[in-house]
Undergrad: 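Dumping the structure here so I can ask a few things about it.
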Amino acid sequence: MSTSLPADTIRDVIIVGSGPAGYTAGIYTGRANLKPLILAGMLEPGGELMKTTEVENYPGFPEGIDGPDLMANFEAQAERFGAEIIFEEATDLDLDGPVKKVTASDGEVYLARSVIISTGSAHRKLSLPNESELSGRGVSYCATCDGSFFQDKEVAVVGGGDSAAEEALFLTKFAKAVHLIVRGDQLRASKIMADRVLSHPKIEVLFNTQVAAIASRQLVDGQESMIGIKTADRSGNIEHLPVQGLFIAIGNDPRTNLVKGQLELTEAGTIAVQGRTSKTNLPGVFAAGDVIDPTYRQAITAAASGCVAAQDVEHFLANTVPAQLEAATA
Ligand code: NAP
């Protein structure tokens with residue numbers, strides 16, 4: 001999809017990613033009249049909140065708001081201030097030098113003096129042998145997306161953090177029983193979520209337990225279908241749990257595959273930024289949101305991080321002499 005500007009236009013800023021960080025960077029750079037181009041992605045535009053139900057802790061919404069509605073508001077607000085949004089993935093980034101090149105999934109190459117990377121994070125896998133094969137056939141990473149398929153069925157959720165707690169609670173709307181499988185001896189989720197989980201009559205929490213295998217059988221069409229899981233406790237006791245669904249919610253890893261080899265990363269795998277700024281090791285390249293944050297990872301902290309990146313971009317552009325840029329690109 002081409003945008004309204006000629007392809008060889010050197011823009012002020014391109015934002016890669018469209019979660020709370022990317023859209024907030026779009027709102028702020030739009031208001032600064034930098035006419036940002038946002039590559040929102042086509043697989044998961046809007047980011048992780050598109051998969052959640054009610055967001056209860058985003059300030060300004062005392063009654064809560066649905067994740068997709070919140071992200072639609074972010075998008076509309078960025079557009080209101082002149083952000084151009086295209087629903088393509090970035091497939092290649094060339095971040096060195098004064099003019100950055102961003103290649104989109106349709107082959108179009110966009111140029112800019114600065115780039116904000118806000119690619120978020122991707123869900124972790126258990127890495128069980130048939131996990132990928134059974135994805136969509138019992139195994140899921142998104143209760144909001146797939147929960148309704150498990151009406152009156154028994155399901156398991158893996159993980160002990162806020163994501164797993166949220167998934168387990170959401171699934172109680174459909175499933176007749178939810179087994180929450182926690183590898184440690186306590187929940188890591190916030191107290192309010194942990195209390196809700198532990199007191200819910202439909203949720204059974206299995207501490208010190210891991211998923212050892214996913215049991216499946218072959219259907220007449222040759223495809224595999226999940227028929228249960230095998231759990232292992234600390235003593236190595238194996239049990240069969242006859243669940244029809246397995247929801248994996250064991251955290252996320254920052255999406256850095258596009259910048260590996262170009263940007264410095266931290267030990268935690270996030271993009272390294274200088275102090276409280278969004279500045280990466282390359283001039284004109286900024287990063288914001290979950291892709292730089294191994295700790296807080298909230299919608300509100302990602303949004304704040306997008307605001308920081310937008311202001312860093314403004315200062316960077318104000319201090320870059322355009323003549324130097326033109327000489328470098330001549
Ligand atoms: P998380 O806090 O990192 O928790 C991951 C959980 O998965 C931990 O219990 C961990 O166990 C377990 N785990 C990791 N690898 C595992 C494996 N291979 N097998 C079994 N269990 C495994 O991740 P999260 O729940 O996705 O939350 C991430 C961040 O987002 C947090 O800051 C959280 O507060 C935030 N968040 C907030 C909300 C909200 O406010 N509504 C909702 C969702 C997420 P160990 O404890 O043993 O390591």
Side-chain angles (χ1 to χ4, degrees), residues 19-21 44 46-71 120-132 139-145 147 156-171 178-198 203 205-214 229-234 238 241 243 246-255 266-270 289-305:
E44 286 182 7
E48 286 295 298
L49 285 191
M50 297 299 286
K51 297 187 211 151
T52 60
T53 44
E54 208 180 357
V55 180
E56 290 180 333
N57 54 7
Y58 200 87
F61 299 93
E63 306 302 326
I65 179 168
D66 271 356
D69 291 343
L70 180 60
M71 292 323 297
S121 57
H123 53 245
R124 266 182 216 142
K125 295 191 164 182
L126 281 175
S127 302
L128 292 167
N130 51 356
E131 181 178 342
S132 300
V139 173
S140 170
Y141 303 85
C142 175
T144 322
C145 316
V157 177
V158 194
D162 278 318
S163 298
E166 211 166 68
E167 300 278 270
L169 288 163
F170 182 72
L171 286 165
V178 178
H179 307 273
L180 181 60
I181 300 173
V182 183
R183 71 176 174 185
D185 56 9
Q186 56 187 344
L187 292 172
R188 193 199 275 212
S190 53
K191 188 169 179 337
I192 185 169
M193 296 295 277
D195 287 348
R196 278 184 204 168
V197 163
L198 292 167
I203 302 178
V205 185
L206 300 167
F207 289 108
N208 301 313
T209 303
Q210 302 230 40
V211 180
I214 310 171
I229 57 172
K230 295 213 178 303
T231 60
D233 67 16
R234 285 240 167 116
I238 304 279
L241 211 53
V243 292
L246 175 66
F247 289 81
I248 299 169
I250 58 172
N252 291 266
D253 290 314
R255 276 203 197 92
T266 65
E267 271 182 19
T270 52
D290 280 7
V291 79
I292 66 165
D293 179 7
T295 314
Y296 301 106
R297 309 191 48 245
Q298 305 294 305
I300 185 72
T301 51
S305 171

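Indexing begins at 1, ligand by ligand and atom by atom, following the structure's order. This structure is a prediction, so every number in the text was calculated from the model and none was measured.
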Undergrad: Does R124, backbone or side chain, put an N or O under 3.5 Å from an N or O of ligand 1?
TA: no
Undergrad: So, is G160 polar-close to ligand 1, with some N/O to N/O distance under 3.5 Å?
TA: yes
Undergrad: Does ligand 1 have an atom that lies less than 4.0 angstrom from a heavy atom of M193?
TA: no
Undergrad: Among R124, K125, E167, E131, find the one that has a side-chain contact (heavy atoms from CB on, under 4.5 Å) with I248.
TA: E131
Undergrad: Please name all residues satisfying side-chain contact (heavy atoms from CB on, under 4.5 Å) with T144, sequence neighbours left out, ordered by chain then number.
TA: T53, C142, F170
Undergrad: Please compare R183, E167, E48 and report which has the shortest non-hydrogen distance to atom 21 (N) of ligand 1.
TA: R183
Undergrad: Can you report which non-hydrogen protein atom sits closest to atom 35 (C) of ligand 1, along with the distance?
TA: Q298 NE2, 3.3 Å
Undergrad: Taking it one step at a time, do N252 and R297 satisfy side-chain contact (heavy atoms from CB on, under 4.5 Å)?
TA: CA-CA 10 Å; N252 291 266; R297 309 191 48 245; 3.2 Å; yes
Undergrad: I need the minimum non-hydrogen distance between A164 and L180, along with the two atoms involved.
TA: CB-CD1, 4.1 Å
Undergrad: Pick, from P294, A165, G159, G251, the option with the minimum heavy-atom distance to atom 23 (O) of ligand 1.
TA: G251
Undergrad: Return the residue, atom name and 0.1 Å-rounded distance of the protein heavy atom closest to atom 26 (O) of ligand 1.
TA: S163 OG, 2.6 Å
Undergrad: Would you be so kind as to tabulate the donor-acceptor pairs closer than 3.5 Å made by side chains of residues 181-190, with sequence neighbours excluded?
TA:
{"residue": "S190", "atom": "OG", "partner": "D162", "partner atom": "OD1", "Å": "2.9"}

Undergrad: On a heavy-atom basis, which atom in I238 and which in A232 lie closest, and how many Å separate them?
TA: CD1-CB, 3.8 Å
Undergrad: Counting only heavy atoms not in L126 (residues, nucleotides, ligands), do more than 12 fall under 6.0 Å from its CG?
TA: yes
Undergrad: How close does the nearest protein non-hydrogen atom get to atom 36 (N) of ligand 1, and which residue and atom is it?
TA: D162 CB, 3.7 Å
Undergrad: Looking at A303, is its backbone amide N or carbonyl O close enough to the side chain of S305 to form a donor-acceptor pair, meaning the two atoms are under 3.5 Å apart?
TA: no
Undergrad: Would you kindly specify which portion of V55 sits under 4.0 Å from ligand 1, judged on non-hydrogen atoms: side chain, backbone, both or neither?
TA: neither
Undergrad: State the atoms of ligand 1, each with its element, that fall below the 4.0 Å cut-off from a heavy-atom position in Y296.
TA: 32 (O)
Undergrad: Look at atom 12 (C) of ligand 1 and find which of I250, D293, I181, L187 reaches it with the closest heavy atom.
TA: I250
Undergrad: Taking the side chain as every heavy atom from C-beta outward, state whether L246 and V158 have any atom pair closer than 4.5 Å.
TA: yes
Undergrad: Around atom 48 (O) of ligand 1, find the nearest protein heavy atom and jot down its residue, atom name and distance.
TA: R188 NH2, 2.6 Å
Undergrad: Quick one: does T295 get within less than 4.0 Å of ligand 1, heavy atoms only?
TA: yes
Undergrad: Relative to atom 42 (C) of ligand 1, which among E166, H123, R297, E56 owns the nearest non-hydrogen atom?
TA: E166
Undergrad: Which heavy atom of the protein is the closest neighbour of atom 40 (O) of ligand 1, given with residue, atom name and distance?
TA: N57 ND2, 2.9 Å
